Amino acid sequence: MGWVSESLDSIRSLQIRHVLTQVVSLGMIVTSALIIWKGLMCVTGSESPVVVVLSGSMEPGFKRGDILFLHMSKAPIRAGEIVVFNVDGREIPIVHRVIKVHERKDTKEVDVLTKGDNNFGDDRLLYAHGQLWLQQHHIMGRAVGFLPYVGWVTIIMTEKPFIKYILIGALGLLVITSKE
Amino acid sequence: MSPFVNRLNTLVTFAVLLLAILCAGASFLDCFHSPAVQANVEVLKVNRFRRQLTGNDEVLLTLNMSIDLQSAFSWNTKQVFVFIAAEYETEKNAFNQISLWDLVISDKHHAKFETQVTSKYLLIDQGSNLRGKRVDLVLHWHAMPITGRMILGKIPVSSFQLPKAYT
């Protein structure tokens, strides 16, 4: 516990200029995180470039807590691709595989049907009442990359908020008390 | 910062960096892996061909297939998702693609097989354009990695013509 009292001492001995420097550096960290996120949005063309898998409906390919990187290119959606889509009246986006595609001749609009690899039937039961197909505007992006386990960090933080506060508090303390 | 926290910080940072480099490397090496998938799929029988009450044509097929997907596996492959799609063009739609059958192959030793199946999903058109229609069968595979980039591939396998009348 020696370093805690040492840290408290260091807070007391701060001068105003030092405090300002720390505030600025903290601001730099926050803004650069924001820049990276918004930059990714620009590059990938998807409104949320990274998503965490929350359900087991794509097992054994994707498990709960895995991370997917999304990309939204101009190329038309095709069967076999794994897309992330929003359904009207549902808050949480769903990650499932496309099994049917119908592309109009005149307008180039697509009708898409999806299914979870681990689900028995297709997704019509998950769609809004009476909705038979997904259109382009429902789709947030297609999954292009995969990273296992990392998403558990966010799952734990959303489900156990006090861990998040402890972590933020500890990081804040470290930033304030660090000498350069 | 105390020396202990300092050391822990360095250690964790280094471990994470190393892991990230290994993951990126594993995925990058997939670029040099070019699969040579061999497949032979044909329609054995049209079991059912009718118009649904909704006005859409519906077909149930029996497929005969011999597939060798062993080369789709690399050391960074967790599983391969394989499916057979019926692809055709109609007056209304420039492109229709309907998955008929799929399978998750979890290791290389199960990636070569011969089988006869009734299609898992019905071939349902948007409308009633299937009588006498020429339909292409295409084998698609999706190599899902242990970490990194996902790889999609396809080869056309055969084409067949649906009967001119409903059964």
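These numbers were taken from a predicted model, which means no experiment stands behind them. When reading the values below, keep in mind they use all heavy atoms of this one structure, side chains included, and skip hydrogens, waters and symmetry mates. Proteins come first, then strands; the chains are lettered A, B, ... in the order of their sequence lines, and each starts at number 1.
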Pi-cation contact, A:Phe146 with B:Arg149 (under 6.0 Å, within 45°): no
Worked check of side-chain contact (heavy atoms from CB on, under 4.5 Å) between B:Met150 and A:Leu68: CA-CA 10 Å; B:Met150 302 201 241; A:Leu68 297 177; 4.2 Å; yes
Cluster overlap B:Phe81 with A:Ile77, hydrophobic side-chain contacts below 4.5 Å: no
Chain B contact residues among residues 115-134 of chain A, heavy-atom distance under 4.5 Å: A:Lys115, A:Asp117, A:Trp133
Pair B:Tyr121-A:Lys100, side-chain contact (heavy atoms from CB on, under 4.5 Å): steps then yes or no: CA-CA 10 Å; B:Tyr121 313 107; A:Lys100 286 188 186 189; 5.6 Å; no
From CA spacing to verdict: side-chain contact (heavy atoms from CB on, under 4.5 Å), B:Asn93, A:Lys105: CA-CA 5 Å; B:Asn93 295 328; A:Lys105 203 168 254 176; over 6 Å; no
B:Glu91 versus chain A, the contacting section by heavy-atom distance below 4.5 Å: backbone
Donor-acceptor pair, side chain of A:Glu103 and main chain of B:Phe95, under 3.5 angstrom: no
Contacts with chain A made by residues 66-80 of chain B (heavy-atom distance under 4.5 Å), listed by residue number: B:Lys78, B:Gln79
Choice from A:Pro60, A:Pro76, A:Pro148 maximising heavy atom contacts with chain B below 4.5 Å: A:Pro60
A:Ile92, CD1 atom: more than 12 neighbouring heavy atoms under 6.0 Å: no
Transitive ILVMFWY side-chain link B:Met65 to B:Ile155, under 4.5 Å: yes
Atom NE2 of B:His109 with >12 non-hydrogen neighbours under 6.0 angstrom: no
B:Lys120, NZ atom: more than 12 neighbouring heavy atoms under 6.0 Å: yes
Heavy-atom pairs under 4.5 Å with chain A, option from B:Ile151, B:Leu100, B:Thr147, B:Asp102 with the top count: B:Thr147
Heavy atoms of other groups near B:Arg134 CZ, more than 12 under 6.0 Å: yes
Under 4.5 Å from a heavy atom of chain A, the part of B:Ile146 involved: backbone
Linked, directly or transitively: B:Tyr88 and B:Val138 (ILVMFWY side chains, under 4.5 Å): no
Portion of B:Ser27 that has a non-hydrogen atom of chain A nearer than 4.5 angstrom: neither
Side-chain heavy atoms of A:His102 within contact of B:Ile98, under 4.5 Å: yes
Between B:His142 and A:Arg97, a side-chain donor and acceptor under 3.5 Å: yes
Closest-packed option against chain A by number of heavy-atom pairs under 4.5 Å, given B:Phe4, B:Phe83, B:Trp141: B:Phe83
OH/A:Tyr165: more than 12 non-hydrogen atoms of other groups inside 6.0 Å: no
Hphob cluster co-occupancy, A:Ile155 + A:Phe69, side-chain heavy atoms under 4.5 angstrom: yes
Residue, of A:Ile82, A:Leu147, A:Asp106, that accumulates the most heavy atom pairs under 4.5 Å with chain B: A:Ile82
Side chain to side chain, A:Arg104 and B:Gln126, heavy atoms closer than 4.5 Å: yes
B:Phe160 atom CZ: more than 12 heavy-atom contacts under 6.0 Å: yes
Co-membership, hydrophobic cluster, residues B:Leu61 and B:Leu103, 4.5 Å side-chain: yes
